[in-house]
Amino acid sequence: MAYDFSENIQRGIIYLSKYNKDFYLQIAPLVKEDYFEYPIHGKIFQAIRGYYEKYHALPNDEFLLETVKDFKSPKENLCEYEDEIQSVNCLDTSCINNSEFFLDKIEEFARREAMKEAITQSITLLKDGNIPEIETLVRNALTVTRNLDLGQTYFDDLSGRWDRAMNTDNSEKFATIFPTLNRELEGGLSQKELAMVVAPPGVGKSLYLVNQAVQALTEGKKVMYISLEMSEDKIAQRFDSVMTLIQQRNLKEKFLTVKERLDIFQESFEGSKLIIKEFPTGLANINSVRSLLVQLQNYESFVPDLVIIDYLELMRPARDGMPEYQAQQRIAEELRGLAVEANILVWTATQTNRQGRSVKLITDAELADAYGKIRTCDYAISLNQTEEEFDECRMRCYVMKSRNGKQRFIVPANIDYGVLRITEGEDYFDDEE
């Protein structure tokens with residue numbers, strides 16, 4: 001498929017590619033030679049690309065003509081290329097003075113072509129039942145972009161890095177529900193990180209995630225809560241209690257009070273928004289989450305700050321057929337990749353092994369199936385509770401891992417099972433503990 005732009009627009013692409021390095025670097029991954037309507041334009045661009053890849057500079061006209069010889073057919077006359085380069089150089093400046101227009105057009109066309117190609121290839125893959133490969137193709141098509149980020153030049157960027165470190169606004173942080181942890185984290189966690197809560201079944205992993213989501217909402221954040229185990233309505237009822245302090249058993253009979261308090265909550269924390277999505281257990285993978293985020297952005301203009309996955313073992317890796325321990329590590333890697341890619345914080349939960357039920361303090365030795373999953377995450381805590389502590393509505397939070405703060409210490413916690421709220425408690429450990 002060739003560009004449907006006018007001939008002068010296509011010449012403008014070549015002109016800007018010859019003279020504007022920043023422009024060329026942004027469009028180089030998006031342009032194919034056969035996109036140009038006229039083959040001579042495509043070969044000139046191919047010569048620019050070939051010269052730049054070899055010498056890391058844009059060619060002048062003499063070098064460009066010399067490089068064209070490597071790409072033109074023997075039947076073509078070099079003077080045709082010389083004449084066309086002159087036509088490009090003589091363009092009316094009004095046709096090329098807005099490089100952003102060209103960049104937008106090229107990006108839009110490249111994304112459209114990438115999606116067409118993905119759909120075409122998917123027909124064959126669908127016949128073969130290769131759904132994961134289809135998901136990968138579509139995802140890659142959706143992420144076609146001209147955004148250019150070559151990383152940080154360490155020595156050159158010292159001043160800027162120092163300024164960012166000294167002037168970081170704590171509003172950009174994601175506080176945990178425990179003040180002690182926030183102090184050790186200098187305000188909380190950050191975007192592009194993966195955090196994990198570890199506990200045996202029934203101790204409160206999902207309750208912790210709900211409380212963590214409410215904490216983010218009180219900071220004016222947008223939260224996407226993905227449940228792989230419970231229905232959307234059941235999860236929503238947990239939020240109802242945590243945000244309104246109305247006990248679970250009284251929610252139905254106090255509908256008007258719930259609505260009134262939720263209205264107050266929403267008015268008090270401007271900008272906060274919560275979307276809850278249920279996926280069938282064991283069927284969702286990282287591409288399912290990516291597709292959901294794209295749909296929410298396109299149809300609801302919703303871009304989350306925090307994504308919560310409840311919980312890791314109930315996802316499947318993008319590629320099937322792995323042993324369980326490898327699959328869990330791979331899912332953790334995919335979740336952290338999503339955090340970086342989407343510039344968000346991701347919280348998830350994971351189970352302990354059977355030994356986790358019998359130990360008094362859960363460490364990484366009690367991780368179910370895959371020790372490798374904790375290597376990937378930036379922050380990991382375990383929730384610990386004896387039968388006595390359960391009866392007394394208490395638990396202990398142990399910091400298993402922290403890339404950016406203190407680790408291997410305990411924070412006491414209280415849990416109100418009526419309204420499902422978890423809060424930091426007072427030290428109550430005896431000598432035996």
Side-chain angles (χ1 to χ4, degrees), residues 1-124 137-151 153:
M1 178 70 178
Y3 287 132
D4 52 5
F5 314 145
S6 71
E7 185 175 350
N8 276 346
I9 294 295
Q10 295 184 54
R11 283 186 173 129
I13 294 172
I14 294 173
Y15 180 93
L16 289 167
S17 298
K18 284 193 328 116
Y19 293 112
N20 188 326
K21 182 178 177 180
D22 182 64
F23 179 89
Y24 169 77
L25 290 173
Q26 289 191 64
I27 71 164
L30 305 178
V31 175
K32 295 181 179 179
E33 285 70 35
D34 55 5
Y35 283 175
F36 290 93
E37 185 178 0
Y38 301 102
I40 194 170
H41 290 156
K43 290 178 181 177
I44 291 174
F45 187 85
Q46 191 175 6
I48 296 171
R49 190 199 301 274
Y51 185 93
Y52 187 87
E53 288 177 353
K54 187 172 183 179
Y55 300 107
H56 304 291
L58 296 176
N60 61 30
D61 288 348
E62 290 184 14
F63 294 163
L64 180 56
L65 283 170
E66 192 65 28
T67 307
V68 160
K69 294 177 182 178
D70 298 332
F71 301 104
K72 76 177 189 65
S73 68
K75 295 181 180 179
E76 291 179 306
N77 194 320
L78 189 61
C79 68
E80 296 178 24
Y81 286 86
E82 187 173 1
D83 291 343
E84 185 55 36
I85 290 173
Q86 288 301 317
S87 297
V88 168
N89 291 340
C90 292
L91 275 177
D92 184 347
T93 55
S94 64
C95 297
I96 54 176
N97 62 2
N98 187 354
S99 61
E100 284 295 322
F101 171 81
F102 285 87
L103 290 169
D104 288 343
K105 286 293 183 183
I106 292 168
E107 181 180 45
E108 180 184 341
F109 183 89
R111 294 187 69 178
R112 188 167 68 241
E113 289 304 300
M115 185 56 71
K116 284 182 183 177
E117 187 174 345
I119 292 171
T120 301
Q121 294 182 32
S122 295
I123 294 173
T124 302
L137 285 171
V138 173
R139 173 201 160 200
N140 290 341
L142 290 170
T143 56
V144 169
T145 178
R146 61 183 170 87
N147 291 339
L148 186 66
D149 185 357
L150 302 179
T153 303

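It should be emphasised that the depicted structure is a prediction, and the values quoted were computed from it without experimental measurement. Because only heavy atoms are used, hydrogens play no part in the values below, and waters and symmetry mates are left out as well, while side chains stay in.
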Not counting sequence neighbours, which residues clear side chain to side chain donor-acceptor pair (under 3.5 Å) with [X]? List them please.
| X | result |
| --- | --- |
| Glu62 | none |
| Glu66 | Lys69 |
| Glu82 | none |

Taking every non-hydrogen atom, the tightest pair across [X] and [Y]:
| X | Y | answer |
| --- | --- | --- |
| Asp22 | Gln26 | OD2-NE2, 3.0 Å |
| Asn89 | Tyr19 | OD1-OH, 3.2 Å |
| Thr67 | Ala47 | CG2-O, 3.5 Å |

Mind checking whether [X] and [Y] have side chains closer than 4.5 Å, heavy atoms only?
| X | Y | value |
| --- | --- | --- |
| Asn20 | Phe102 | no |
| Tyr3 | Val31 | yes |
| Ile13 | Phe36 | yes |

Which of parallel (below 30°), tilted (30 to 60°) and perpendicular (above 60°) describes Phe5 and Phe109?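 Ring orientation of Phe5 relative to Phe109: perpendicular.
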Please state whether the rings of Tyr55 and Tyr51 are parallel, tilted or perpendicular, taking 30° and 60° as the class boundaries.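 If you compare the ring of Tyr55 with that of Tyr51, the planes turn out tilted.
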Between atom [atom1] of [X] and atom [atom2] of [Y], what is the distance when rounded to the nearest 0.5 Å?
| X | Y | atom1 | atom2 | answer |
| --- | --- | --- | --- | --- |
| Met115 | Thr120 | CE | OG1 | 11.5 Å |
| Phe101 | Ile9 | CZ | CD1 | 5.0 Å |
| Lys105 | Gln10 | NZ | CD | 12.5 Å |
| Tyr15 | Ser87 | OH | OG | 13.5 Å |
| Lys72 | Asn77 | NZ | CG | 7.0 Å |
| Ile40 | Asp83 | CD1 | CG | 8.0 Å |

side-chain contact (heavy atoms from CB on, under 4.5 Å) assessment of Phe23 paired with Ile106: CA-CA 11 Å; Phe23 179 89; Ile106 292 168; 4.0 Å; yes
In chain order, what residues pass the side chain to side chain contact (heavy atoms under 4.5 Å, CB included) check against Ile48, with sequence neighbours excluded?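 For Ile48 the side chain to side chain contact (heavy atoms under 4.5 Å, CB included) partners, ignoring immediate neighbours, are Ile14, Ser17, Lys18, Tyr24, Ile44, Leu58, Pro59, Leu64.
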Of all pairs that satisfy salt bridge (Lys or Arg N to Asp or Glu O under 4.0 Å), the ones with a partner from residues 39-58, not counting sequence neighbours: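 For residues 39-58: Glu33-Arg49, Lys43-Glu76.
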Test: salt bridge (Lys or Arg N to Asp or Glu O under 4.0 Å). Region: residues 5-14. Which pairs qualify, not counting sequence neighbours?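 Listed once each, the pairs are Glu7-Arg11, Arg11-Glu84.
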So does Tyr52 have more than 12 non-hydrogen atoms from other groups sitting under 6.0 Å from OH?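 Above 12, so yes.
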